[in-house]
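These notes concern the structure reproduced below.
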Amino acid sequence: MPELPDVEGFRRVLSDCGRRCVTDIEVCDAGVLRGVTAKRLRKEGEGRRLGEAWRHGKWLFVPLDGCPTLVFHFGMTGSLWCCSPDEPFAGHDRLVLTLDDTRSLRYRDQRKLQGVQLADESAVDRILERLGPDALTVGRAELTDRLSARRGAVKSALMDQSVIAGLGNLLCDEILWRAHLAPRTPARSVGEAAYRRLHAAMGRVLRTSVRAGCVPPRRSWLTGRREDSEPRCPRCGRPLCSGRLAGRRTVWCSHCQP
DNA sequence: ATAAAGTCCTGAAAGC
DNA sequence: TGCTTTCAGGACTTTA
């Protein structure tokens, strides 16, 4: 689930919590902690006030009032919820922060592929230096430069977080379909006009998805068709192709994406 | 049993 | 030839 738009939604969840104080930290499953023990997390985090949360790609950074930053990654199944402390825990609530004793912030994740860490400034820098510019704000010239430096398929390049940060499997397929670009096209042989289309499609898809807090499962989008038993292109009605690229299921329309 | 929207690591292949 | 980049596959994890 979590690609850039979902993580942006989680950032809003935190933003809506304002500058509340973390009054309690409960680690329900220490398996999600990366490089920090439950004991140290509680010791460092409790009593701290939340700063303004920010996002880069699929990473969410939550500053805690002058101490290390709480860093979330949501893997394939993670999410962040804010509710009343009285709300019973869900099955996969792994970490629960109580805010001002009146709100409960819950990091939920079925599979523990990624997790939560406590990162000082240099650790945050180490995360950021592995990431390309954020997909939501990258300019067309920079996108073109970074993609055209790649030898492999354009989808592989879009998926690579060190090239552009934030796009996942669903978004890449959606964007390529809108840009009339076949996923296996070598990135360096994508022409200027197609890069223009790609950048425009990326902006439109991302802005709509960010508003929705997810890649919306609309029938008019490619994404809305991929679970169909015999998926057809929303634009031309022909059967969609499905294959594997960069280790991921890839769906495209061979007619619209030559 | 298979596959799933995440990343990381490895070894091999490809490109310059 | 040798270095770097890219790819494919597996690992991690849990459940439908």
Side-chain angles (χ1 to χ4, degrees), chain A residues 1-10 28-35 55-61 71-80 89-95 107-117 119 123 126-132 134-135 145-177 183-190 202 205-206 208-210 212-218 221-229 231 240 242-252:
Chain A
M1 184 211 300
E3 302 182 65
L4 185 154
D6 308 86
V7 182
E8 186 60 21
F10 304 147
C28 313
D29 186 335
V32 300
L33 301 184
R34 303 291 140 113
R55 178 195 61 73
H56 192 97
K58 302 171 189 170
W59 294 81
L60 184 62
F61 300 87
V71 181
F72 293 88
H73 194 294
F74 299 90
M76 285 167 87
T77 52
S79 58
L80 195 64
F89 286 177
H92 302 102
D93 283 339
R94 310 291 189 185
L95 179 68
Y107 174 75
R108 190 172 296 170
D109 195 7
Q110 179 188 96
R111 294 176 232 169
K112 294 169 277 188
L113 291 175
Q114 297 294 323
V116 180
Q117 48 187 294
R126 280 197 296 280
I127 294 170
L128 292 178
E129 71 192 16
R130 311 181 63 160
L131 301 175
D134 190 77
D145 283 353
R146 299 184 72 91
L147 290 178
S148 56
R150 303 278 297 204
R151 289 197 297 260
V154 65
K155 178 172 176 184
S156 304
L158 284 172
M159 291 276 289
D160 189 330
Q161 301 299 299
S162 69
V163 176
I164 303 289
L167 304 182
N169 198 31
L170 293 187
L171 281 171
C172 287
D173 282 2
E174 186 70 40
I175 291 164
L176 288 166
W177 174 73
R184 288 181 205 276
T185 309
R188 54 170 38 177
S189 68
V190 173
M202 189 169 86
V205 168
L206 282 178
T208 304
S209 302
V210 162
C214 63
V215 184
R218 296 183 187 170
W221 287 34
L222 185 73
T223 312
R225 306 290 183 113
R226 45 194 300 146
E227 301 315 322
D228 293 3
S229 54
L240 290 168
S242 176
R244 281 196 102 69
L245 204 167
R248 302 271 138 189
R249 184 157 95 97
T250 298
V251 176
W252 75 100

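As rounded to whole Å, 14 Å separates atom P of B:dG6 from atom CG of A:Leu131. Rounding to whole angstrom units, CG of residue A:Asp160 and P of B:dC8 are separated by 10 Å. Whole-Å rounding puts the A:Trp221 CH2 to B:dA5 P distance at 17 Å. Whole-Å rounding puts the A:Trp59 CH2 to B:dT7 P distance at 9 Å. Across the protein-nucleic acid pair, A:Lys112 atom NZ and B:dA4 atom P stand 22 Å apart, rounded to whole Å. Going from atom CD of A:Gln114 over to atom C1' of B:dC8 covers 8 Å, rounded to whole Å. In this structure, A:Arg244 places its CZ atom 11 Å from P of C:dA8, rounding to the nearest Å. Atom-to-atom, CD of A:Glu3 to P of B:dA4 comes out at 14 Å; the value is rounded to the nearest Å.
Heavy-atom nearest nucleotides on DNA chain C were determined for A:Arg184 and for A:Arg248, and the one closer to the 5' end corresponds to A:Arg184. Each of A:Arg130 and A:Phe74 was assigned the nucleotide of DNA chain B with the nearest heavy atom; the assignment lying further toward the 5' end belongs to A:Phe74. Residue-to-nucleotide proximity on DNA chain C shows that, of A:Arg111 and A:Ala153, the 5′-proximal contact is made by A:Ala153.
Summarising the base pairing, C:dT13 is matched to no nucleotide, lacking a Watson-Crick or G-U wobble pair whose two defining distances lie under 3.5 Å. B:dT10 and C:dA8 make up a base pair, with Watson-Crick or G-U wobble contacts both under 3.5 Å.
A:Phe10 has its ring centre no less than 6.0 Å from the ring centre of A:Phe72.
A:Lys58 and A:Asp6 are not joined by a salt bridge, as no carboxylate oxygen comes within less than 4.0 angstrom of a charged side-chain nitrogen.
At a threshold of 4.0 angstrom between heavy atoms, the contacts of A:Ala149 are confined to the sugar-phosphate backbone, with no base atom among them. Residue contacts shown for A:Ser156 are limited to sugar-phosphate atoms, with no base heavy atom under 4.0 Å away. A:Gly247 comes within 4.0 angstrom of no nucleic acid atom, judged by non-hydrogen atoms across all strands. Residue-level contact check: A:Arg34 touches neither bases nor backbone, having no heavy atom under 4.0 Å from any strand.
Closest to the A:Leu113 side chain, of the nucleotides C:dT14, C:dT13, C:dC7, is C:dT13. Checking B:dA4, B:dT7, B:dC8 against every side-chain atom of A:Arg249, the shortest atom distance belongs to B:dA4. Listed candidates were B:dC16, C:dT6, B:dT7. Nearest to the side chain of A:Arg150 is C:dT6. Here the nucleotide nearest the side chain of A:Met76, chosen from B:dG6, B:dC9, B:dT7, is B:dG6.
Checking side-chain atoms of A:Arg226 against main-chain N and O of A:Ser242 turns up no donor-acceptor pair under 3.5 Å. A side-chain donor-acceptor contact under 3.5 Å links A:Arg94 to the backbone of A:Gln110.
Checked against side chain to side chain donor-acceptor pair (under 3.5 Å), A:Asp93 has the following partners two or more places apart in sequence or in another chain: A:Arg108.
A sub-4.0 Å separation between OP1 or OP2 of C:dT15 and a side-chain N or O of A:His92 is present. OP1 or OP2 of C:dT13 has not a single side-chain nitrogen or oxygen of A:Gln110 nearer than 4.0 Å.
Counting distance only, with no hydrogens placed and no angle test, the side-chain atoms of A:Arg151 and the base atoms of C:dT6 include no donor-acceptor pair under 3.5 Å.
In this structure the side chain of A:Arg55 reaches within 4.5 angstrom of the side chain of A:Leu4, judged on heavy atoms.
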